[in-house]
2 protein chains.
Amino acid sequence: MTLEKLTPSRHSPSRRRYDDACGTAHALDLIGERWALLVMRELMLGPKRFSEIRADLPGISANTLTQRLEGLEATGLVVRRRLPPPASAQVYELTQWGYEAEPIIQTMGRWATRSPAHDPTMPLSATSLMMSFRTMGDPARMAGFCARIGFSIGEETFLVRISSRGVDVERAPIAGAEVVFAGAATAIAGAVYGGVPVAELEEEGALEVKGDRTLAERFTALFPLPPKAGAHP
Amino acid sequence: MTLEKLTPSRHSPSRRRYDDACGTAHALDLIGERWALLVMRELMLGPKRFSEIRADLPGISANTLTQRLEGLEATGLVVRRRLPPPASAQVYELTQWGYEAEPIIQTMGRWATRSPAHDPTMPLSATSLMMSFRTMGDPARMAGFCARIGFSIGEETFLVRISSRGVDVERAPIAGAEVVFAGAATAIAGAVYGGVPVAELEEEGALEVKGDRTLAERFTALFPLPPKAGAHP
DNA sequence: CGGCATCCGGGAAGATACTG
DNA sequence: CAGTATCTTCCCGGATGCCG
């Protein structure tokens with residue numbers, strides 16, 4: 001058997017690409033692999049470390065995360081950076097072009113909330129919750145609403161500013177916020193998307209609201225979910 | 001060995017889902033499998049038969065296409081319909097909710113054209129070319145432009161109407177078009193996106209333009225590609 | 001011919017354990 | 001903490017064959 005199978009070791013003549021000039025197909029070549037888009041989602045609010053990403057992506061294996069980060073770095077969507085000496089840790093950060101993928105994440109997220117199978121009680125990362133505020137805010141309900149809302153989730157804090165210009169979200173200290181939600185992302189999602197009364201969550205100890213309680217109630221009503229899709233041809 | 005491996009037949013305790021309440025993750029559960037979104041793209045301009053889809057998706061296997069169509073049907077994005085007796089063929093059609101996925105396809109397509117690796121000379125289906133007109137039309141350049149452009153690609157014809165309300169595309173007879181492009185989708189893409197002069201394509205026999213030639217030239221200039229992304233952090 | 005069932009090979013994803 | 005090594009599972013793609 002001198003004739004070994006040469007083809008299999010052919011290092012991927014076309015590493016499973018769609019050979020298609022269509023932009024959508026090319027996008028799938030770039031970010032269509034499993035987990036890729038969710039890794040990018042986790043970086044949308046700023047750089048993160050390997051283990052932070054991993055912790056916020058329940059179910060991804062270290063192995064797969066390594067591969068995705070390598071791939072995204074190779075295509076120019078992510079850069080690996082080393083923090084200055086005091087905390088010389090390595091972080092991953094989106095490039096300019098990487099950040100420009102946010103509309104993809106938003107469009108997909110908005111569309112999927114119409115799914116009858118969507119279950120908003122599942123685990124949720126702090127980043128996805130914050131991103132959802134950018135995506136799901138209803139302009140009509142936000143008209144005339146102007147507030148600074150703080151969120152304290154685990155070790156992180158986020159500041160959400162709502163104004164006539166829309167929703168602005170950043171990972172930042174919550175100083176100056178008129179009201180602060182403190183608790184797990186899932187609990188906050190329950191109040192905003194699940195229709196669970198804030199008071200009830202507080203009784204359960206799942207959520208703590210500090211500051212203007214009325215403002216908190218009004219905030220939770222700004223993000224209506226669209227009607228579920230039926231099987232209409 | 002009475003102990004057979006029971007786990008493999010375990011009908012997917014969690015058939016590789018992201019257990020994540022985030023809408024984006026759920027969207028990936030619905031349409032994140034390989035080929036799924038491209039199958040939907042091919043149906044965006046109306047119902048198609050199995051073999052039409054297959055022919056327009058170079059590289060998909062019959063097996064995989066069957067699986068994707070079954071999956072999309074199960075989730076309520078596609079319905080299978082039988083045409084009335086004269087041509088009693090089976091076709092696949094998007095549901096209302098399926099059609100609502102078009103912004104996802106557009107957003108991804110627009111984003112990916114910034115990729116340095118994007119190669120617009122690859123094969124392209126007629127549907128993706130038509131969809132790209134909806135996506136890539138530049139409002140500034142279309143201002144005051146009003147025309148009906150016909151396309152004859154293989155067996156199919158498409159009618160594109162450009163007006164102050166934007167770009168409208170449908171699979172329809174080309175009667176009433178002021179100008180008609182006849183040729184392969186790749187050739188037309190060369191004229192519109194590749195900057196190849198129409199006259200040159202005609203000399204090669206790759207394209208035929210019938211009607212208002214000046215209008216044809218103006219049309220090809222309506223769809224500018226965005227600048228390529230650099231690796232800017 | 002259109003669509004589906006089945007088998008097979010390769011490779012991606014997942015789980016676990018281990019190392020600098 | 002930040003990954004690597006290894007093994008298993010299972011998805012994808014190709015080929016073939018059945019059946020309407």
Fill in: Distance (rounded to the nearest 0.5 Å) between A:W35 CH2 and B:L28 CG
10.0 Å

Worksheet item: Is the NZ or CZ atom of B:R171 both under 6.0 Å from the centre of the six-membered ring of B:F151 and within 45° of that ring's axis?
Response: no

Discussion item. Between A:T135 (side chain only) and A:M131 (backbone N and O only), is there a donor and an acceptor less than 3.5 Å apart?
Written reply: yes

Practice prompt. Please list, chain by chain and in numerical order, all residues satisfying salt bridge (Lys or Arg N to Asp or Glu O under 4.0 Å) with A:E204, sequence neighbours excluded.
Written response: none

Worksheet item: Are side-chain N/O atoms of B:Y193 and B:S132 paired as donor and acceptor at under 3.5 Å?
Response: yes

Practice prompt. Calculate the interatomic distance between B:Q90 atom CD and C:dC4 atom P; express it in whole Å.
Written response: 6 Å

Worksheet item: Rounded to whole angstroms, how far apart are CD on A:E70 and C1' on C:dA12?
Response: 14 Å

Worksheet item: What is the distance, rounded to the nearest whole Å, between atom CD1 of B:I60 and atom C1' of D:dC12?
Response: 10 Å

Discussion item. From C-beta outward on B:R68, which listed nucleotide comes closest to its side chain: C:dG14, D:dC12, C:dG3?
Written reply: D:dC12

Fill in: Shortest side-chain distance from A:S61, nucleotide among C:dG2, C:dA15, D:dG3
C:dA15

Worksheet entry | Distance, rounded to the nearest Å, where A:I53 contributes CD1 and D:dG3 contributes C1' | 12 Å

Discussion item. Whole angstroms only, please: what is the CG-P distance between A:D29 and C:dA12?
Written reply: 14 Å

Fill in: Spacing of A:Q67 atom CD relative to D:dT6 atom P, expressed in whole Å
15 Å

Worksheet item: If you check the A:S51 side chain, which of C:dG3, D:dA2, C:dA13 turns out closest?
Response: D:dA2

Response to the item:
From the list B:I149, B:L45, B:I174, side chain to side chain contact (heavy atoms under 4.5 Å, CB included) with B:F158 holds only for B:L45

Item to complete: Could you check which of C:dA13, C:dG3, D:dG3 has an atom nearest any side-chain atom of A:Y92?
Response: D:dG3

Worksheet item: Rounded to whole angstrom units, what separation is found between the CZ atom of B:R80 and the C1' atom of D:dG20?
Response: 14 Å

Practice prompt. To the nearest 10°, let me know how far the axis at one end of the helix from C:dC1-D:dG20 to C:dG20-D:dC1 is tilted from the axis at the other, five pairs an end.
Written response: 30°

Item to complete: Between D:dG3, D:dA5, C:dG2, spot the one nearest the side chain of A:N63, thanks.
Response: D:dA5

Worksheet item: Does A:W35 put a side-chain nitrogen or oxygen below 4.0 Å from OP1 or OP2 of C:dA12?
Response: no

Worksheet item: With sugar-phosphate meaning primed atoms plus P, OP1 and OP2, does B:R54 contact a base, only sugar-phosphate, or nothing at under 4.0 Å between heavy atoms?
Response: nothing

Discussion item. B:R134: which residues meet the salt bridge (Lys or Arg N to Asp or Glu O under 4.0 Å) condition with it, sequence neighbours left out?
Written reply: B:E102

Discussion item. Reading DNA chain C from 5' onward, which residue's closest nucleotide shows up sooner: A:T64 or B:R49?
Written reply: B:R49

Worksheet entry | A:R34 CZ to D:dT9 C1', straight-line distance once rounded to whole Å | 13 Å

